[in-house]
Amino acid sequence: MIDEKLFKLSPEGLSLIDRKKALDSYIGHVDCQSKHFLGYQNVQTLNYEEDIKGFLNFHINNIGDPFVSGNYTPNSKAIERAVLDYYAKLWNAKTPHDFKNPESYWGYALTMGSTEGNLYGIWNARDYLAGKRLLIDNGNEYKTRKHRTKYIHALPVEGNPNAYTPVAFFSEDTHYSIIKAMRVLQVPTFYDIGKKFYSGQNPLNSTGEWTKEFFEVPSLNGNGGPGAIDVEKLTILVEFFASKGYPILLCCNYGTTFKGAYDDVKLIGEKLMPIFEKYGLVNRGVIYDEEGHSDVRNGYWIHVDGALGASYMPFLEMAYKQGKIDSCGPIFDFRLPFVNSIVTSGHKWIGTPWPCGIFMTKVKYQLVPPDAPEYIGSPDTTFAGSRNGLSPVLIWDFLAQNSYETLINRAVRCENLADYAEEQLKIIQEYHPEIDLFVERTPLALTVRFRKPNDKIVYKHSLSCETLLINDEERHYAHIFTMDSVTKEVIDEFISELKQPDAFDTGEKPAKGLKGVLQKAVFLSERGRGWR
Ligand SMILES: *Cc1c(COP(=O)(O)O)cnc(C)c1O
């Protein structure tokens, strides 16, 4: 436990001794908590100190576009580009990045985690679908000075008032950052539009009503299921809105936060492409400015939120091809021509001391940035202004030290450890015959979920908890992630704690309070998401 008094700042600052004492106590806390850490998809045993300490006394900032160095020269953009190239190859995008080649990849290293990548991806998707001006239409010219503060987008289409109103689809297991992005960017979901304009016409409900089960796209078998999106239901919903002339914005999950499920992106594309064809959403003509300039682009966008899975599954796929494991997840990357953007976090599978990540798309989908600030000498094509220049150095350092071979073995080891944890947790059930421990694991997930244990255990292992609504019953779950820093010994210790008679509080009341209020206020389910 931390003594907060140690950290109180005063106008005089702290003496060297007091400062040292305070810092040491905090490091002691972090060190202790990280040793038993099981609850989130982060790695706790990092080894960057030696390589990175030399950078810590500089301000390294990658402000602006990664491919244009700009006037802020203490940057790490050359290293960032090496990292981006690595991911472009890993995700089968067209390399190298070339701003004159519309098919080639473009991306950047995030300053936040996947939250920023989701925000950026959905922003890009919204404006692409709303018919804003593309970079390739601008002769790859970033300068829009004459348009500064002017938000140019497509003119209304005769006969289809919905042509430039993107509608968002995502499953009930989606991470809260997607919900937040939709709100920030004011992208309506299919529920918002359905409820407002198509009352009594919900194609998934026999009554036609847009009830709370349709806040989001249902997952397979709902809250009690494995956590992947129900592709059949998604297809029906998408067809309904495509037939009304709306462009479609779909966010897929690749490794959901709580259950670790992989949406079948390949199957989704196979089901949706014929619908997109049928309703004129493939290669549609868009008149994007008042002068009548036009281009041809798609009326759909498929974004893949691969915060954990997009970093990790490529190696599991390689392991599968080498016969080291029996199966791997569905294809999600740029081998699928209908994938528009992918995001992953650096601090999850790889492990970095702070949040970071990668966003990737293709040159042909890039928009002209809102402004062209001469000040930074580099196009303002990213979300943040100042960007963390140390993050790409860390990711680079990791990738330079770990071959594909090492990472394949690491993926297999983590997968085997999840198998082991699942098996052990199922044995625990015998120690508590009177209560159902709900031990479940989605195939290939690095996480196992089970009944939430007592608060002491939750704190010791930093367990994240989640309430799932299964057949109208609120069940309190926790989960563990078998990331690279987790050892069999930590799992064994955890399992022995769970064998104790008082390990699980029973008869607890469902959390009341804000729940009902929030649900009403945001019209969105807050079930099925971790990190709260
Ligand atoms: C963790 C996570 C995010 C957000 O990542 P941050 O790094 O917390 O911004 C987004 N999507 C999924 C599926 C996640 O698991």
Side-chain angles (χ1 to χ4, degrees), residues 37-44 87 108-123 125 168-185 216-217 219 226-229 250-265 302-313 329-330 332 341-360 382-384 387-388 391-392 394-395 414 418 442 444-449 462-466 477 479-483 524-532:
F37 187 90
L38 283 172
Y40 294 85
Q41 50 276 58
N42 300 105
V43 182
Q44 293 290 354
Y87 276 97
Y108 76 97
L110 306 164
T111 289
M112 292 153 65
S114 290
T115 296
E116 181 188 338
N118 286 334
L119 264 165
Y120 191 87
I122 292 164
W123 177 27
F169 298 80
F170 47 87
S171 84
E172 60 183 305
D173 280 79
T174 297
H175 188 261
Y176 63 83
S177 61
I178 298 277
I179 323 297
K180 182 159 42 184
M182 297 300 171
R183 197 129 308 247
V184 171
L185 295 162
E216 295 154 289
V217 181
S219 294
I229 197 166
L250 171 64
C251 293
C252 296
N253 295 302
Y254 205 72
T256 61
T257 313
F258 196 70
K259 296 176 179 171
Y262 306 99
D263 287 353
D264 193 338
V265 185
I302 299 182
H303 173 72
V304 178
D305 177 0
L308 174 66
S311 299
Y312 149 82
M313 193 55 79
F332 68 93
S341 51
I342 303 178
V343 66
T344 200
S345 290
H347 56 297
K348 287 186 172 170
W349 162 251
I350 281 190
T352 52
W354 52 74
C356 59
I358 303 288
F359 171 80
M360 196 162 285
T382 66
F383 196 73
R387 289 194 299 123
N388 189 326
S391 297
L394 291 169
I395 298 175
C414 291
T442 292
L444 292 170
L446 291 185
T447 179
V448 189
R449 55 192 183 276
S462 304
L463 301 186
S464 69
C465 303
E466 187 80 26
Y477 280 84
H479 70 176
I480 56 169
F481 262 97
T482 54
M483 302 302 288
L524 284 167
S525 152
E526 27 74 271
R527 287 178 279 133
R529 300 185 197 96
W531 290 82
R532 275 189 282 137

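First listed ligand is number 1; within each ligand, the first listed atom is number 1. What you see is a predicted model, and the numbers here were worked out from it, not measured in a lab.
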Q: Is the ring centre of F383 less than 6.0 Å from the ring centre of Y108?
A: no

Q: Is there any N or O on N253 that sits under 3.5 Å from an N or O of ligand 1?
A: no

Q: Strictly by modelled atom types, are T352 and H347 linked by a side-chain donor-acceptor pair under 3.5 Å?
A: no

Q: I'd like to check whether T115 has a polar contact with ligand 1, where a contact means an N/O of the residue lying under 3.5 Å from an N/O of the ligand.
A: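 N/O-N/O distance under 3.5 Å: yes.
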
Q: So, for F481 and H479, is the gap between ring centers shorter than 6.0 Å?
A: yes

Q: For residues W349 and C414, determine if any side-chain heavy atom of one lies less than 4.5 Å from a side-chain heavy atom of the other.
A: yes

Q: Yes or no: does N118 have any heavy atom under 4.0 Å from an atom of ligand 1?
A: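 It does; at least one heavy atom falls under 4.0 Å.
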
Q: Look at ligand 1 and say whether T256 reaches it with a heavy atom at a distance under 4.0 Å.
A: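 Distance cut 4.0 Å: T256 fails for ligand 1.
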
Q: Judged by non-hydrogen atoms, does P355 sit under 4.0 Å from ligand 1?
A: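 Contact check P355 vs ligand 1: negative.
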
Q: Among Q41, M112, K180, H347, which one puts a heavy atom closest to atom 7 (O) of ligand 1?
A: H347

Q: For Y176, is at least one N or O under 3.5 Å away from an N or O on ligand 1?
A: no

Q: Do the side-chain N and O atoms of H303 and N118 include a donor-acceptor pair separated by under 3.5 angstrom?
A: yes

